[in-house]
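First comes the structure, then the notes that go with it.
Worth saying up front: this structure is predicted, and the values here are computed from it rather than measured. Every number for a ligand or one of its atoms is a count from 1 in the order of the listing.
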Amino acid sequence: MSQPTIESILQEKRVFSPSSEFSQAAHIKSLQEYQQVYDRAKADPEKFWEELAASELHWFQKWDKVLDWQPPFAQWFVGGKINISYNCLDRHLTTWRRNKAALIWEGEPGDSRTLTYAQLHREVCQFANVLKQLGVKKGDRVGLYMPMIPEAAIAMLACARIGAPHTVIFGGFSAEALKDRLVDAEAKLVVTADGGWRKDKIVPLKEQVDKALANNGAPTVENVLVVKRTAQEITMEPGRDHWWHDLQAGVSGDCPAEPMDSEDMLFILYTSGTTGKPKGVVHTTAGYNLYTHMTLKWAFDLKDTDVYWCTADVGWITGHSYIVYGPLSNGATTLMYEGAPRPSNPGCLWDVVEKYGVNIFYTAPTAIRALIKMGEEHPNARDLSSLRILGTVGEPINPEAWIWYHRIIGGERCPIVDTWWQTETGGFMITPLPGATPTKPGSATFPFPGIIADIVDLEGNPVEDNQGGYLVVKHPWPGMMRTVYGNPERFRRTYWEHIPPKDGKYLYFAGDGARKDEDGYFWVMGRVDDVINVSGHRLGTMEVESALVSHPAVAEAAVVGKPDEVKGEDVFAFVTLEGSIDASEELEKELKKHVVGEIGAIARPGEIRFTDALPKTRSGKIMRRLLRNLAAGEEVAGDTSTLEDRSVLDKLRGGA
Ligand code: WTA
């Protein structure tokens, strides 16, 4: 069980086709049908999206223009008026779905709640009114730092309802990381909880918010709303902090959805890139609504009878697009689970599948690999026969994990949907359609209709089949990010200039390496930039380096990914110390703790190696390739002639 290598994937020739019963009942029923839809969309993408926008969503006012493309800035459905909260809630209330379960929630300690569409609508309206009473207006940013409880979805939808963009900050981020994001977004209000359950422990969310706001840390924040979840002692600052339940009591459940311009900002979500500072990815209303709606409907063949469960956290894009907005826009039943497999309950996921008769299950390869380690007796002891489709996202899935998922969880009958996409893309870009696409373990297969993807070299020229290259997208799509919050130049530079425009056409550079095989299947290999993927979470190596050098003992740091059986990659740091300071185990522990304090537990280095110097080129660039080899315990490969001082490498090797 390791990350897929080119060799292992090139040898992967197995093909799995859906059963004919499955295909006949699917939205897209055959490869031929996919091809027809794809070709039609490719011939005229605007027409393709326009027809779907008209048939799938509710509009307060129709658009004047489908796409306004001023590369690299796109506007979709210009002039249209729409509200995603209306599309996720109100429009279902006039149908039989009114009393259908919209959100099923299971808490880690075993408590649970089900909200119908009518109930969810009421709570969202009430909370939207609470926000308004606290002075939140259209355009104001609201920070959400929440556990996986229904209030997280309610708060997102309430923000969308009144046009206040949310920025959800993953509950595992430290106070420092939280502060940075609140400051960058200039958030006016923060919604949090006293705590959340995480593997039998309480994550003290409110305490972190207090730390982030201490000493006027995020001066724009005026109010903090606190959900009571774990009921431990917390401090409430009078005037600033309020209990959610106090303010919601007696508030009207009537709050009409604000008609938003198609291009009004829906949310900002921070993600790691190649610089020290995470960037705020901006998504807008109409295009994102349409794109998450359609991709979920077709790629998970969503049916009204399905109980759909995505195990992501709402703090990540997967939670935004495929726990909250995509499923609810489709009128589906979406399941939210606070817990995670843990030693005290290794079979908890399968209990949830059995308890609610889950039909569609969507998780990450790192979770699958951890489950394999826990042993197949846990899934085997539960009734998983309700499952009909399985999904995976976050990193390339190694064929062994794919086959285990297929056999042990899917009972060899459930198609596996391997979805390649990013925070920036809003929704799935390359994915099988389960009734149509024969799958190959480890391949995300083909682009979604309307997505024109290719693999090119650094000049933007397409490469031959089975040649590795850079994954690019050649035409704008409705769910694409619009800009980096407050930094349009960074948006242009990062995504559109890395590979120069080809014949005047801009190419979206995803940061991933990939190849296409002789049948046109895409195989994503992983990041080609200084971003590493730890347990499916994106981390910029520079971010961790900045955290390390902010410690007074550290002179210089270089961070690379080290292959890891379960996590995919682990953080490996090379550190040089300030003059008189000696390396010690104590210091190593302290530095790890320091990184956790600066970013969060997801960034904790698995290993820190102290060294007198880092291998650099004559022009002073750290040679990360060498460090990656060293971290992996491999022979140092390739050319080392540009090394400034060979003895540095010899010493590092000696220490290996
Ligand atoms: C990686 C998560 C291979 C990829 C939705 C991408 C994948 C990054 C897959 C985005 C997949 C995601 N196969 N690699 N199916 N899905 N990735 O922004 O490197 O957290 O660039 O979005 O995850 O991570 P992000």
Would you confirm whether the ring centroid of [Y] sits within less than 6.0 angstrom of the ring centroid of [X]?
X: Phe446; Y: Tyr38; result: no
X: Trp477; Y: Phe448; result: no
X: Tyr308; Y: Tyr322; result: no
X: Phe509; Y: Trp496; result: no
X: Tyr288; Y: Trp76; result: no

Which atoms of ligand 1 are found less than 4.0 Å from any heavy atom of [X]?
X: Thr318; result: 5 (C)
X: Val524; result: 3 (C), 14 (N)
X: Val393; result: 5 (C), 16 (N)
X: Ile317; result: 5 (C), 22 (O)
X: Pro396; result: 3 (C), 13 (N), 14 (N)

Inset, instruction - Quick one: sort the Phe361 and Trp350 rings into parallel, tilted or perpendicular, breaks at 30° and 60°. - result: tilted
Inset, instruction - Measure the distances from the heavy atoms of Trp421 to every atom of ligand 1 and state whether one is below 4.0 angstrom. - result: yes
Inset, instruction - Please confirm whether Gly511 comes under 4.0 Å of ligand 1, counting heavy atoms of the residue only. - result: no
Inset, instruction - Give the intermediate values and the outcome of salt bridge (Lys or Arg N to Asp or Glu O under 4.0 Å) for residues Arg369 and Glu395. - result: CA-CA 12 Å; Arg369 292 191 299 263; Glu395 57 179 308; 3.1 Å; yes
Legend entry - Protein residue, atom and distance nearest to atom 18 (O) of ligand 1, heavy-atom basis: Thr423 OG1, 2.5 Å
Legend entry - For atom 19 (O) of ligand 1, closest protein heavy-atom neighbour: Asp512 OD1, 2.6 Å
For ligand 1, is there an N or O atom under 3.5 Å from any N or O atom of [X]?
X: Ala510; value: no
X: Thr271; value: no
X: Thr392; value: no

Inset, instruction - Cation-pi check, Lys440 to Tyr521: give yes when NZ or CZ is under 6.0 Å from the six-membered ring centre and within 45° of the ring axis, no otherwise. - result: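 Relative to the ring axis of Tyr521, which defines the angle, Lys440 lies inside both limits.
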Inset, instruction - Taking only Lys NZ, Arg NE, NH1 and NH2, and the carboxylate oxygens of Asp or Glu, determine whether Asp180 and Lys277 approach each other closer than 4.0 Å. - result: no
Legend entry - Salt-bridge present (Lys279, Asp184; N to O < 4.0 Å):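 Result for this pair is no, no salt bridge flagged.
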Inset, instruction - Would you kindly specify which portion of Arg538 sits under 4.0 Å from ligand 1, judged on non-hydrogen atoms: side chain, backbone, both or neither? - result: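 Side chain only; the backbone of Arg538 stays clear of ligand 1.
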Inset, instruction - Would you indicate which of Ala312, Gly394, Gly513, Gly391 comes nearest to atom 16 (N) of ligand 1 when only heavy atoms are counted? - result: Gly394
Legend entry - Minimum non-hydrogen distance to atom 13 (N) of ligand 1, winning option of Met525, Gln422, Glu395: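 The option holding the nearest heavy atom is Glu395.
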